[in-house]
Protein chains: 2
Amino acid sequence: MVTLDDIAKKAGFSVSTVSRVLNGKAKRYRISDKTQEIVNKIAKDLNYQPNQLARGLRLKKTHTIGLVLPDISNPFFAHVARIIQTEIYEQGYIIIVCNTDENQEKEIEQVRLLRSKGVDGFLIMPVGLRYDHIEELLESDIPLVLLDRCFDALNTNSVIVDNYIGTYRAVEYLIQKGHRRIAIIQGLPRTSTNTKRLEGYEDALKKHDIAIDEKLIVGKDFREDNGYIESKFLLNLSNPPTAIFCTSDLITLGTLKAIHEEKLTIPNDISIISFDDFDFAPYLGTPLTAVSQPKQMMGKMAVKQLMEDINGNGDQEKNHIVLKPTLNIRQSVKTLN
Amino acid sequence: MVTLDDIAKKAGFSVSTVSRVLNGKAKRYRISDKTQEIVNKIAKDLNYQPNQLARGLRLKKTHTIGLVLPDISNPFFAHVARIIQTEIYEQGYIIIVCNTDENQEKEIEQVRLLRSKGVDGFLIMPVGLRYDHIEELLESDIPLVLLDRCFDALNTNSVIVDNYIGTYRAVEYLIQKGHRRIAIIQGLPRTSTNTKRLEGYEDALKKHDIAIDEKLIVGKDFREDNGYIESKFLLNLSNPPTAIFCTSDLITLGTLKAIHEEKLTIPNDISIISFDDFDFAPYLGTPLTAVSQPKQMMGKMAVKQLMEDINGNGDQEKNHIVLKPTLNIRQSVKTLN
DNA sequence: TTTATGTGTGAAAACGATTGTTCAAGGTTA
DNA sequence: TAACCTTGAACAATCGTTTTCACACATAAA
């Protein structure tokens with residue numbers, strides 16, 4: 001790769017002069033037009049590209065953002081990642097993506113690694129079981145926005161969805177339709193998203209004087225297998241639920257598989273509501289009623305916050321943005337008498 | 001951030017000694033056990049993390065791979081990206097992801113940017129309209145694997161799917177089921193994937209003596225809107241097709257939307273075959289017959305090749321791997337008498 | 001003629017790491 | 001006692017930038 005030095009030698013000027021010309025600081029340093037022309041021409045001829053490592057080292061700025069998320073193949077995260085990538089690229093930044101696989105240790109390691117790579121900021125959709133590593137970023141004043149999940153104990157920028165109300169409304173809708181035995185397949189316990197969704201579920205039942213049956217609260221992560229396994233069990237209960245609330249689209253996929261295997265139909269044999277609402281939801285065997293997250297807004301707002309934090313003087317106030325989900329009613333819920 | 005110098009000062013040794021200890025080169029440089037202990041302890045106490053920019057600059061190695069793809073929110077790419085990320089992370093590398101939006105200029109720019117960031121190699125799912133920038137990488141001996149699409153004129157490592165045979169078989173299947181008027185909604189013209197799929201389509205028709213109707217060859221990119229728009233037109237033709245072959249799942253999504261709007265049903269009114277075969281395909285209103293790409297294999301093989309290239313001595317032979325797709329027959333094709 | 005002012009450029013330090021070379025001190029051998 | 005190893009560690013160069021400071025020269029003012 002061609003360096004400043006190469007250009008300098010060829011042009012007969014010093015590295016400093018070349019650097020200044022190429023950085024548009026010619027005027028400030030009173031560099032003659034002729035010199036500028038020469039330098040620019042040679043730089044172009046040689047197809048010079050500044051070495052960003054050297055630049056980053058010197059400037060302490062890399063124009064790189066670390067995007068940490070659980071699983072890029074989950075359509076919800078993929079969608080948000082896409083929005084983020086596009087928005088941030090427009091601002092002259094690029095993203096390094098790390099999958100944590102919902103593994104807390106992996107997340108901690110990745111944050112450390114990204115930090116030593118000199119990223120200018122973080123966009124994190126955290127696993128959510130621990131937060132000391134995030135607190136560390138906070139203390140070091142590294143720009144940071146938490147997305148999708150956050151921590152009550154931490155005063156960070158964040159963009160989340162009101163998971164409580166989303167679930168509450170969905171479950172209430174089921175109750176209105178006459179359902180009493182409503183199961184919930186949880187995602188990863190002890191994460192903020194899951195906790196809120198569970199609370200919404202329980203509160204909706206309580207509000208309508210329906211006793212909570214622990215057998216109907218199952219699940220352990222947001223993945224397909226979890227949905228499949230738990231659905232199999234739920235459907236084979238002696239007193240099975242009439243409706244299942246799935247806390248992610250991937251869980252729903254597993255549930256769909258189980259229902260299919262059991263030769264049941266939606267909504268006749270079992271009603272379903274999903275969370276996330278991916279693009280194909282309207283075209284499923286039974287168009288899926290689902291709680292929809294404003295993915296586009298989430299991504300855009302997170303980037304906006306992060307950029308303000310990066311470009312600010314460090315004393316920005318932290319924003320905690322909560323977006324409202326919507327319940328997209330389609331046909332996967334049966335009306336019971 | 002704490003540096004080698006901080007440790008050196010605190011320990012009372014020079015930076016070089018500290019560096020050697022921390023890099024496990026103590027023996028080679030005869031550094032005493034006591035010194036090692038002291039240095040290691042201080043490094044741990046201070047939670048030292050090497051500055052990867054400085055390291056990369058000196059070593060000319062960043063342990064970072066550039067992953068360039070058209071659209072991370074497309075489930076096919078998301079899936080492959082996920083596999084790649086996981087595999088590569090295990091090898092001690094991380095990925096920078098860039099979306100090109102199927103925009104050739106953007107891709108060229110991104111490759112340039114990634115290069116100046118000092119990535120150790122590239123994994124590219126190219127737009128496919130131009131390849132001079134890729135040729136440049138090749139000439140500079142930068143490790144590189146092309147994925148999904150490749151260029152006949154270029155001798156690069158590549159992992160692709162046999163798009164021709166995939167489409168050929170799918171179309172032949174339609175013909176066997178009695179279809180004669182078969183439409184194809186193309187992806188981005190002049191890309192290798194699209195060209196091969198189109199060839200497969202045309203050859204299958206020719207083989208069975210079915211005249212090619214230019215009206216039935218439509219489309220301009222792999223996106224949802226394209227599928228929607230073209231389907232609307234196809235369905236409203238005076239002599240509409242009995243079957244549509246969609247060259248990507250996203251196109252299929254658009255087609256589904258159009259069919260839905262037109263109040264038609266699959267496969268009674270119109271038969272569909274899709275390309276890619278995403279996870280939800282079996283659970284759609286009509287389970288979708290689709291050409292399935294071995295995503296897992298594609299990702300794994302691409303990473304394997306890239307790693308061999310990176311770790312090799314530069315005179316590796318280039319591999320051109322072609323994987324076979326499979327036709328997953330479900331229920332979206334009607335048998336016409 | 002001296003002093004001030006302006007103009008155009010270069011030298012060198014710094015960023016944080018790695019590594020080939022050098023060096024001092026102590027011990028061994030002749 | 002001089003010459004020579006061995007051991008343990010420091011020095012200094014290097015990677016490619018950016019930026020502070022200094023400098024040389026020319027012109028203008030006193």
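Values reported hereafter were calculated over all heavy atoms of this structure, with side chains retained and with hydrogens, waters and symmetry mates removed. Proteins come first, then strands; the chains are lettered A, B, ... in the order of their sequence lines, and each starts at number 1.
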Please list, one pair per line, the donor and acceptor atoms closer than 3.5 Å that link side chains of residues 67-82 of chain B to other protein atoms, with sequence neighbours excluded.
from	atom 1	to	atom 2	distance (Å)
B:D71	OD1	A:R82	NH1	2.4
B:D71	OD1	B:S73	N	2.8
B:D71	OD1	B:S73	OG	2.8
B:D71	OD2	A:R82	NH1	3.0
B:D71	OD2	B:S73	OG	3.3
B:N74	OD1	B:F76	N	2.9
B:R82	NE	B:T86	OG1	3.3
B:R82	NH1	A:D71	OD1	2.4
B:R82	NH1	A:D71	OD2	3.0
B:R82	NH2	A:D101	OD1	2.2

| said: When the axes are fitted on five pairs at both termini, how much does the helix from C:dT1-D:dA30 to C:dA30-D:dT1 curve, in 10° steps? | reply: 90°
| message | Quick one, B:H133 and B:Q110 - any side-chain contact, counting heavy atoms below 4.5 Å? | response | no
| query | How is B:N23 classified with respect to the nucleic acid when contacts are heavy atoms under 4.0 Å: base, sugar-phosphate, or nothing? | reply | sugar-phosphate
| query | In chain order, what residues pass the salt bridge (Lys or Arg N to Asp or Glu O under 4.0 Å) check against B:K10, with sequence neighbours excluded? | reply | none
| query | Please walk me through it: do B:S158 and B:T156 pass side-chain hydrogen bond (donor to acceptor under 3.5 Å, both in side chains)? | reply | CA-CA 6 Å; B:S158 60; B:T156 63; 4.8 Å; no
| said: Distance check needed: D:dG16 C1' versus A:K60 NZ, whole Å only. | reply: 15 Å
| said: Please enumerate all residues that pass side-chain hydrogen bond (donor to acceptor under 3.5 Å, both in side chains) together with A:H63, with sequence neighbours excluded. | reply: none
| said: So, using salt bridge (Lys or Arg N to Asp or Glu O under 4.0 Å) as the criterion, who are the partners of B:K41 when residues are at least two apart? | reply: B:D45
| Touch class at under 4.0 angstrom, heavy-atom based, for B:L59 against every strand present | sugar-phosphate
| request: May I ask you to say what A:T3 touches in the nucleic acid, namely base, sugar-phosphate or nothing, with a heavy-atom cut-off under 4.0 Å? | output: sugar-phosphate
| said: If the condition is side chain to side chain contact (heavy atoms under 4.5 Å, CB included), which residues does A:L22 pass it with, not counting sequence neighbours? | reply: A:L4, A:I7, A:V18, A:V39, A:N40, A:A43, A:Y48
| message | Please confirm whether the shortest side-chain N or O distance from B:K61 to OP1 or OP2 of D:dC15 is below 4.0 Å. | response | no
| remark: A:R30 meets the salt bridge (Lys or Arg N to Asp or Glu O under 4.0 Å) criterion, sequence neighbours left out, with none
| Distance, rounded to the nearest Å, where B:Q52 contributes CD and C:dA17 contributes P | 9 Å
| Rounding to a whole Å, what distance do you find between B:E37:CD and D:dG8:C1'? | 16 Å
| Taking protein heavy atoms under 4.0 Å as touching, what does nucleotides 5-12 of chain C look like 5' to 3' if B marks base contact, S marks sugar-phosphate-only contact and - marks none? | --BBBBBB
| query | Once you round it to whole Å, what is the distance between P of D:dT6 and NZ of B:K27? | reply | 20 Å
| task | Report yes if a side-chain nitrogen or oxygen of A:K25 is closer than 4.0 Å to either non-bridging phosphate oxygen (OP1 or OP2) of D:dT19; otherwise report no. | result | yes
| query | Rounded to whole angstrom units, what separation is found between the CG atom of A:L57 and the P atom of D:dT19? | reply | 13 Å
| said: Taking salt bridge (Lys or Arg N to Asp or Glu O under 4.0 Å) as the definition, give me every residue that meets it alongside A:E136, ordered by chain and number, with sequence neighbours left out. | reply: A:R115
